[in-house]
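Each remark here refers to the structure printed beneath this line.
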Amino acid sequence: MKRTRTLRIWGGFLLLLLLLFTFLIWNIFAGSVSLSASEIWRILLGSDAGFTQSQIIMKIRLPRLLSALILGGALSLSGYLLQTFFHNPIAGPFVLGISSGAKMVVGITTILLTPYLRTINSLVLILSAFVGSLLIVSMVLLFSQRVRNMSMLLVIGIMVGYVCGAITDFCITFAKEEDIVNLTSWSMGSFSGANWSSVTTAAWICLLGLGAAWLLSKPIGAYALGEGYARSLGINIKLFRALLILLSSLLSACVTAFAGPISFVGIAVPHITRSLLKTSRPVLV
């Protein structure tokens, strides 16, 4: 039985790596400009394969696929942490309104600061999204002290998300035309604006978040069995819950800042992973 479980886990990891490699190759080849395998290989090795072809691979396709890889993982991890925190399988950054809150503050910040700054850097976007995420999480936690029904808590999160969306749309109405175009494109969720600077920043933040979550894997496993059980093992519940919220907010804020509000991934991927591996062990999931 143990050997079967081990084989299934390793088989699941190998399958995921194979799918990841397949989709990475597919993304390098996919595009309006057709490039041969030999051209792409020469570009990746640093050989001269034409200026235009090099720009397409190194400035457009590689940053986009790496952004999708890093931010997709961050959003999935954020959803997993929120599902653990709320003990609810359908909790996620988008469902609880966290992504909408991040979108609202980023939108307002962009509209207010654009007249004064030539460009808004990644740090400003991430901090704005982080503030928006924490604001919505704080509201949801405030309601959770009064509402014990998790279904009602999710309804509150959805309502808060809609309110944030309405405020964002209201602000966009009074923005300049060029800001409206940029914000509308960004709010639909896209990796088209990815560049090496944003990839590097996102990689550092998401890898730190992943490392912190991995270090918390044992407390997460204990917390999933109940707060009483976690306390009996000496876990500081208040500190642990605060760390979960900060990590999930930071990861979802990073995704929203660079790619816009993206739904579905934060809810679906943790369930797919658990189903594939047939385990709920946090260190593996």
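Just so you know, residue 1 is the first one in the sequence shown, and it goes up from there.
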Apply side chain to side chain contact (heavy atoms under 4.5 Å, CB included) to the pair Cys206 and Leu210, showing each step before the final yes or no. CA-CA 6 Å; Cys206 295; Leu210 176 62; over 6 Å; no
Check step by step if side chain to side chain contact (heavy atoms under 4.5 Å, CB included) holds for Leu134 and Leu246. CA-CA 8 Å; Leu134 283 180; Leu246 286 173; 4.0 Å; yes
According to a hydrophobic-cluster definition based on side-chain heavy atoms being under 4.5 Å apart (Ile, Leu, Val, Met, Phe, Trp, Tyr only), do [X] and [Y] belong together?
X: Leu243; Y: Ile136; value: yes
X: Leu82; Y: Leu216; value: yes
X: Met159; Y: Ile98; value: yes
X: Val255; Y: Phe191; value: yes
X: Tyr162; Y: Ile90; value: yes

Listed partners of Ser99 passing side chain to side chain contact (heavy atoms under 4.5 Å, CB included), at least two apart: Pro93, Phe94, Thr256, Pro261
Looking only at heavy atoms, what is the nearest atom pair of [X] and [Y], with distance?
X: Ile60; Y: Pro63; result: O-CD, 3.5 Å
X: Ile237; Y: Ala230; result: CD1-CB, 3.7 Å
X: Ala203; Y: Ile70; result: CB-CD1, 3.8 Å
X: Gly209; Y: Leu77; result: O-CD2, 4.1 Å
X: Ile235; Y: Ala222; result: CD1-CB, 3.7 Å
X: Pro89; Y: Ile267; result: O-CG2, 4.3 Å

Test question: given the 4.5 Å side-chain rule for I, L, V, M, F, W and Y, name all other residues clustered with Phe23, or answer none. Leu15, Leu16, Leu19, Trp26, Leu276
Could you check whether any side-chain heavy atom of Leu17 comes within less than 4.5 Å of a side-chain heavy atom of Phe21, counting everything from C-beta outward?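 SC-SC contact between Leu17 and Phe21 ruled out.
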I'd like to know if the side chain of Ser249 pairs up with that of Ser133 as donor and acceptor (distance under 3.5 Å, no hydrogens or angles considered).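 No - no donor-acceptor pair under 3.5 Å links their side chains.
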Does a donor on one side chain sit under 3.5 Å from an acceptor on the other, for Gln55 and Arg61? no
For [X], does the [atom1] atom sit with more than 12 other heavy atoms under 6.0 Å from it, leaving out its own atoms?
X: Phe29; atom1: CZ; value: yes
X: Phe13; atom1: CZ; value: yes
X: Arg8; atom1: CZ; value: yes

Criterion side chain to side chain contact (heavy atoms under 4.5 Å, CB included) on His271 and Tyr80, from CA distance to verdict: CA-CA 9 Å; His271 292 292; Tyr80 176 71; over 6 Å; no
Between the side chain of Ser78 and the main-chain N/O of Ser248, is any donor-acceptor distance below 3.5 Å? yes
Measure from the side-chain N and O atoms of Trp196 to the backbone N and O of Met58, and report whether any donor-acceptor pair falls under 3.5 Å. yes
Identify, with sequence neighbours excluded, every residue that meets side chain to side chain donor-acceptor pair (under 3.5 Å) alongside Asn195.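 Only Ser198 meet the side chain to side chain donor-acceptor pair (under 3.5 Å) criterion with Asn195.
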Just say parallel, tilted or perpendicular for the rings of Phe240 and Tyr223, cut-offs at 30° and 60°.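 Correct class here is tilted.
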From CA spacing to verdict: side chain to side chain contact (heavy atoms under 4.5 Å, CB included), Phe258, Ile126: CA-CA 8 Å; Phe258 288 120; Ile126 293 172; 3.6 Å; yes
